[in-house]
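Computation of the quantities below employed the complete heavy-atom set of this structure, encompassing side-chain atoms and omitting hydrogens, waters and symmetry-equivalent molecules.
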Amino acid sequence: MTANPPPLPRRKLSKAIWLLIPLVLIGSTILLLRITGLVRPFKIPTGGMAPAVSPGDHILMEGISYLRHPPAFGDIVVHTADGLPFPKGWFVHRLAGSPGDKIRIQDGHLYINDQLRPLTNSTGEILHLPPPGNAFKMLDLSTNYTVPPDHYFVLGDNSTNSLDSRFWGPLPAKNIKGRIFRCYYPSSRSGPVK
């Protein structure tokens, strides 16, 4: 004859249930956000945005902010290549110009509407210099370039190693899926991305 275990006291059972409910709600919310694409993990393969995000970084993108307001100057956005002159995929750049902005890059410095407006990261002002031995035909950024409606101008932090709007022009707004807000791996780089 086997002995039945004693029943759990009612108080311990209700406490376990109350602890389990928030975990289920949080897990369901994360799963729903992931399914809808509003939160998405990525691994960075290239150095075009270093040092903000470097090759091998695992980052999280969130698209919830852009449901309430448009992307802002300096945001690190995740976008697709739909309609751009390179292979399909996901890309990461820093937002430098919004619809209607006049963009000019002179001596590596960014001017928006004829005002010096530097983008910055952890190392200070980002200089936007062409790659050495530039094989690409750059846009003529010594004159004003106006970002068309429903488009944005994006740049890489590591400008000599970044294929960005300087080469292929403005990014359609519909291509922007969210912004990077956190690096979660490696642990030495874990934290908010700026």
Side-chain angles (χ1 to χ4, degrees), residues 18-99 110 118-126 128 131 147 150-194:
W18 282 110
L19 288 174
L20 190 59
I21 289 172
L23 293 176
V24 169
L25 289 174
I26 290 169
S28 300
T29 302
I30 290 171
L31 182 61
L32 180 64
L33 290 172
R34 176 62 183 100
I35 289 170
T36 60
L38 291 174
V39 172
R40 187 179 191 126
F42 288 96
K43 180 180 178 188
I44 302 298
T46 64
M49 278 299 296
V53 287
S54 296
D57 283 358
H58 292 249
I59 53 95
L60 287 174
M61 176 213 79
E62 65 87 8
I64 299 166
S65 297
Y66 296 157
L67 296 176
R68 292 178 279 148
H69 57 79
F73 179 80
D75 283 357
I76 301 175
V77 298
V78 176
H79 64 88
T80 61
D82 299 342
L84 299 178
F86 48 89
K88 294 198 179 298
W90 295 83
F91 297 87
V92 176
H93 288 98
R94 194 176 294 270
L95 195 133
S98 296
L110 176 65
L119 287 168
T120 61
N121 60 25
S122 62
T123 62
E125 181 181 354
I126 301 165
H128 308 284
V147 181
D150 299 319
H151 287 76
Y152 290 90
F153 198 86
V154 294
L155 296 167
D157 284 14
N158 184 359
S159 65
T160 60
N161 188 31
S162 178
L163 190 59
D164 50 40
S165 287
R166 295 173 297 165
F167 300 100
W168 39 261
L171 175 70
K174 64 184 173 67
N175 288 26
I176 296 176
K177 304 305 178 188
R179 69 177 183 87
I180 293 177
F181 72 97
R182 185 164 196 83
C183 177
Y184 64 91
Y185 181 84
S187 57
S188 61
R189 293 182 49 79
S190 178
V193 176
K194 297 177 183 174

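- Listed for the Thr120 side chain is no donor-acceptor partner under 3.5 Å among the backbone atoms of Gly124.
- A salt bridge links Arg94 with Asp157: the distance from a Lys NZ or Arg NE/NH1/NH2 to an Asp or Glu carboxylate oxygen falls below 4.0 Å.
- When all heavy atoms of Pro55 and Pro45 are compared, the pair lying nearest together is CB-O, 4.0 Å.
- Taking each heavy atom of Thr123 and Pro51 in turn, the nearest pair found is CG2-CG, 3.8 Å.
- Interatomic distance, Leu155 CG to Leu110 CG, rounded to the nearest 0.5 Å: 6.5 Å.
- Residues Ile76 and Val193 form a side-chain contact, since some pair of their non-hydrogen atoms from C-beta on lies under 4.5 Å apart.
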For residues 79-88, run the donor-acceptor check on the side chains, cut-off 3.5 Å, and write out each pair with its distance to 0.1 Å, sequence neighbours left out.
{"residue": "His79", "atom": "NE2", "partner": "His93", "partner atom": "ND1", "Å": "2.8"}
{"residue": "Thr80", "atom": "OG1", "partner": "Asp82", "partner atom": "OD2", "Å": "3.4"}

Verdict with supporting geometry, Ile176 and Val78, side-chain contact (heavy atoms from CB on, under 4.5 Å) = CA-CA 6 Å; Ile176 296 176; Val78 176; over 6 Å; no
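- Between Tyr184 and Ile59, the shortest heavy-atom distance links the atoms CE2-O, 3.5 Å.
- The two residues Pro186 and Gly56 come nearest to each other via the heavy atoms CD-O, 4.3 Å.
- Here OG of Ser159 is found 5.0 Å from CZ of Arg166. Values are rounded to the nearest 0.5 Å.
- Looking at His128 and Ser162, their side chains never come closer than 4.5 Å, going by heavy atoms from C-beta outward.
- Taking the ring pair (Phe, Tyr, Trp, His ring centres under 6.0 Å) definition, one finds that Tyr185 meets it with His58, sequence neighbours left out.
- Between Tyr152 and Pro99 the shortest side-chain heavy-atom distance falls below 4.5 Å.
- Listed here is the closest heavy atom pair of Trp90 and Lys177: CZ3-CG, 3.3 Å.
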Would Leu60 and Arg40 count as a side-chain contact (heavy atoms from CB on, under 4.5 Å) if you check the C-alpha gap in whole Å, the side-chain angles of each, and the deciding distance to 0.1 Å?
-> CA-CA 6 Å; Leu60 287 174; Arg40 187 179 191 126; over 6 Å; no
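- For residues 185-194, the pairs satisfying salt bridge (charged side-chain N to carboxylate O under 4.0 Å, His left out) are Asp57-Arg189, with sequence neighbours left out.
- Summarising the geometry, atom CG belonging to Asn158 is positioned 9.0 Å from atom OG1 belonging to Thr46; distances are rounded to the nearest 0.5 Å.
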Under the side-chain contact (heavy atoms from CB on, under 4.5 Å) rule, what do Phe91 and Asn175 come out as? Steps first, then yes or no, please.
-> CA-CA 10 Å; Phe91 297 87; Asn175 288 26; over 6 Å; no
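- Using a 4.5 Å heavy-atom threshold, the side chains of Val154 and Trp168 count as touching.
- Inter-residue side-chain proximity for Val77 and Val92 is flagged as unmet; no heavy-atom pair is nearer than 4.5 Å.
- Side chain of Asp75 to backbone of Arg179: no donor-acceptor contact under 3.5 angstrom is found.
- Smallest separation of non-hydrogen atoms from Tyr66 and Gly178: CE1-C, 3.5 Å.
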